[in-house]
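A short worksheet on the structure shown next.
Just follow the structure's listing: the first ligand is 1, and inside any ligand the first atom is 1.
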Amino acid sequence: MSRFLDPRLQTLTPYTPGEQPPRGVFIKLNTNESPFPPAPGVAGAVEAAVPTLHLYSDNTAASLHRTFADQTGLAAEQVAVGNGSDELLAFCFQALCPNGAAFADITYGFYPVFCRLYGVDAHLVPLREDFSLHPADYAELGHTLFIANPNAPTGLALSREQVAMLCANDPTRLVIIDEAYVHFGAESALPLLADFDNLLIVGTFSKSRSLAGGRLGYAFGSRALIADIERVRNSFNPYNVNSLTLAAAEAALADEAYFAGCTTAIIQTRKHTLARLREMGFACTDSVANFIFASHPHMPAQTLQGALREEGIFVRWWDAPRIQNHLRISVGTDWQMDALLAALEHILTKGTSPS
Ligand SMILES: *Cc1c(COP(=O)(O)O)cnc(C)c1O
């Protein structure tokens with residue numbers, strides 16, 4: 001830390017992303033990326049965008065906005081795009097939380113970091129004992145709500161009706177639904193935008209669209225809310241999405257069949273892996289995301305994580321209250337999950353047999 005750092009930032013603890021090991025040798029199940037490559041059309045689209053890289057990217061992302069609008073039935077002015085959804089979430093914390101922010105005690109770890117960064121008061125709402133989230137627990141709160149749906153790292157989701165309850169409960173309060181994992185089996189709040197102008201939906205191409213390295217996020221909301229986000233974006237970095245990513249995103253959106261194939265495969269593999277883990281004694285939530293949240297009664301999660309790491313398999317563990325004995329395991333390909341299950345069998349047998 002230099003002596004020049006603003007004192008307000010001297011105690012800020014940045015978000016800790018999952019480890020990015022060198023490619024190839026490891027089985028990486030720690031950051032919920034897609035195990036599948038981008039849609040086949042992406043490579044050509046990116047290559048076609050290279051000759052115009054000497055020009056700035058389209059700061060209005062007009063073409064991508066139109067594509068989103070066509071696919072969702074929204075107006076192009078109801079769409080904003082960002083350099084990953086983290087950037088759009090940052091804009092929300094910075095600009096749309098004049099009365100503070102409320103979110104679950106167990107949820108995406110970036111929310112409290114953004115609160116610290118922007119000086120927003122954070123109000124934590126504990127999940128119930130079984131990690132479920134009850135809209136009633138948010139009834140009296142006047143803060144801007146941030147709900148990851150499905151939630152991370154629990155994998156549990158609210159129904160569209162429950163999201164509607166959150167919005168209807170208090171029209172003066174903004175409800176931000178982070179749908180990073182919505183395409184793996186949950187209901188999108190998208191149809192609710194017709195009824196609620198206090199709803200903002202944030203999504204990403206990092207998980208279900210196989211473009212984590214491309215960094216593309218989007219926000220859907222009323223024209224007024226999107227204008228607010230555009231106000232911040234244009235005061236910060238109007239060229240926030242680069243030309244290669246704009247091209248990649250369009251190509252990814254164009255291939256519905258590839259998208260459906262990838263998400264269906266993940267859902268199938270999740271189902272099969274959950275069943276096998278439960279047979280091995282793991283307690284798992286009924287995740288509708290592309291990850292599994294699991295704990296074992298006989299071996300601490302931290303021990304399991306360390307032992308898996310020695311076998312070249314990366315999973316996520318947090319030294320945090322309530323979830324210390326849980327692992328978050330991204331759903332990879334079938335062979336990756338078979339390798340994980342074999343390693344876990346081995347570790348548990350070794351760990352529990354008398355030596
Ligand atoms: C992964 C994730 C994001 C961020 O994704 P970007 O890569 O920045 O688009 C946002 N919210 C949740 C809950 C996530 O898990």
Side-chain angles (χ1 to χ4, degrees), residues 14-20 28-35 38 61 64 68 79-94 101-115 117 127 131 133 144-158 163 175-186 188-189 200-220 229 233 236-237 240-242 245-246 248-249 252-253 263 266 270 285 287-293 315-316 318 320 323 326 328-332:
Y15 177 72
T16 316
E19 202 175 344
Q20 293 291 118
K28 195 173 175 308
L29 306 174
N30 65 340
T31 49
N32 299 341
E33 293 141 321
S34 172
L64 185 55
F68 271 123
V79 180
V81 292
N83 192 328
S85 58
D86 287 337
E87 185 182 57
L88 293 165
L89 289 166
F91 294 160
C92 294
F93 278 93
Q94 185 179 21
F103 42 86
D105 62 335
I106 301 167
T107 188
Y108 187 35
F110 227 136
Y111 300 160
V113 178
F114 285 138
C115 283
L117 180 62
L127 297 178
F131 300 129
L133 187 153
T144 299
L145 305 188
F146 287 82
I147 311 272
N149 195 43
N151 195 15
T154 64
L156 301 177
L158 295 178
V163 174
V175 178
I176 297 179
I177 304 292
D178 180 348
E179 296 194 344
Y181 301 106
V182 79
H183 299 121
F184 302 104
S188 172
L200 186 76
I201 297 170
V202 177
T204 178
F205 278 37
S206 295
K207 280 71 186 226
S208 53
R209 296 276 180 188
S210 299
L211 280 174
R215 314 300 304 127
L216 190 87
Y218 55 87
F220 299 148
I229 289 176
R233 191 180 69 84
F236 174 72
N237 180 8
N240 59 332
V241 181
N242 72 77
T245 295
L246 288 174
L253 278 180
T263 50
I266 293 291
R270 177 183 71 211
T285 59
S287 171
V288 289
N290 68 337
F291 53 82
I292 285 165
F293 195 51
V315 300
R316 199 83 200 261
W318 290 272
I323 58 169
H326 283 74
R328 192 197 67 188
I329 306 168
S330 308
V331 177

Review point. Where does Arg215 meet ligand 1, judged by heavy-atom distances below 4.0 Å: at the side chain, the backbone, both, or neither?
Key: side chain
Point to revise | Atoms of ligand 1 close to Asp86 [distance to a heavy atom under 4.0 angstrom, numbered from 1] | key: 3 (C), 4 (C), 8 (O), 10 (C)
**Study point:** Where ligand 1 meets Thr204 - atom numbers and elements under 4.0 angstrom, heavy-atom basis
**Key:** 5 (O), 6 (P), 7 (O), 9 (O)
Review point. CD1 of Ile147 to CD1 of Ile201: how many Å apart, nearest 0.5 Å?
Key: 13.0 Å
Study note, to complete from the structure: Arg270 meets the side chain to side chain donor-acceptor pair (under 3.5 Å) criterion, sequence neighbours left out, with none
Check your understanding: Identify the closest protein heavy atom to atom 11 (N) of ligand 1: which residue and atom is it, and at what distance?
Key -> Asp178 OD2, 2.6 Å
Exercise for review: If the plane angle is over 60° it's perpendicular, under 30° parallel, otherwise tilted; pick one for Phe68 and Tyr218.
Suggested key: tilted
Study note, to complete from the structure: Looking only at protein heavy atoms, what sits closest to atom 15 (O) of ligand 1 is Tyr181 OH, 2.5 Å
Practice item. Decide yes or no on side-chain hydrogen bond (donor to acceptor under 3.5 Å, both in side chains) for Tyr181 and Asn32, but give the supporting numbers first. Key: CA-CA 9 Å; Tyr181 301 106; Asn32 299 341; 2.9 Å; yes
**Study point:** Glu33 bridged to Lys28 by N-O distance under 4.0 Å
**Key:** yes
Check your understanding: Quick one: OG1 on Thr245 to CG on Leu211, what's the gap to the nearest 0.5 Å?
Key -> 7.5 Å
Practice item. Could you say whether the N/O atoms of Tyr111 and ligand 1 ever approach to under 3.5 Å? Key: no
Point to revise | Closest protein heavy atom (residue, atom, distance) for atom 5 (O) of ligand 1 | key: Ser85 OG, 3.2 Å
Check your understanding: For ligand 1, does Ala180 get within less than 4.0 Å through its side chain, its backbone, both, or neither, judged by non-hydrogen atoms?
Key -> side chain
Exercise for review: Report the nearest protein non-hydrogen atom to atom 1 (C) of ligand 1: residue, atom name, distance rounded to 0.1 Å.
Suggested key: Lys207 NZ, 1.2 Å
Point to revise | Distance filter under 4.0 Å to Ser206 heavy atoms, resulting ligand 1 atoms | key: 6 (P), 7 (O), 9 (O)
Check your understanding: Which of the atoms in ligand 1, numbered in the order shown and given with their element, are less than 4.0 Å from a heavy-atom of Gly84?
Key -> 8 (O), 9 (O)
**Study point:** Cationic tip of Arg328 above Phe293 ring, under 6.0 Å, 45° of axis
**Key:** no
Practice item. Using distance alone, determine whether Tyr108 and ligand 1 share an N or O pair under 3.5 Å. Key: no
**Study point:** Step-by-step side-chain hydrogen bond (donor to acceptor under 3.5 Å, both in side chains) determination, Glu87 to Asn240
**Key:** CA-CA 9 Å; Glu87 185 182 57; Asn240 59 332; 2.8 Å; yes
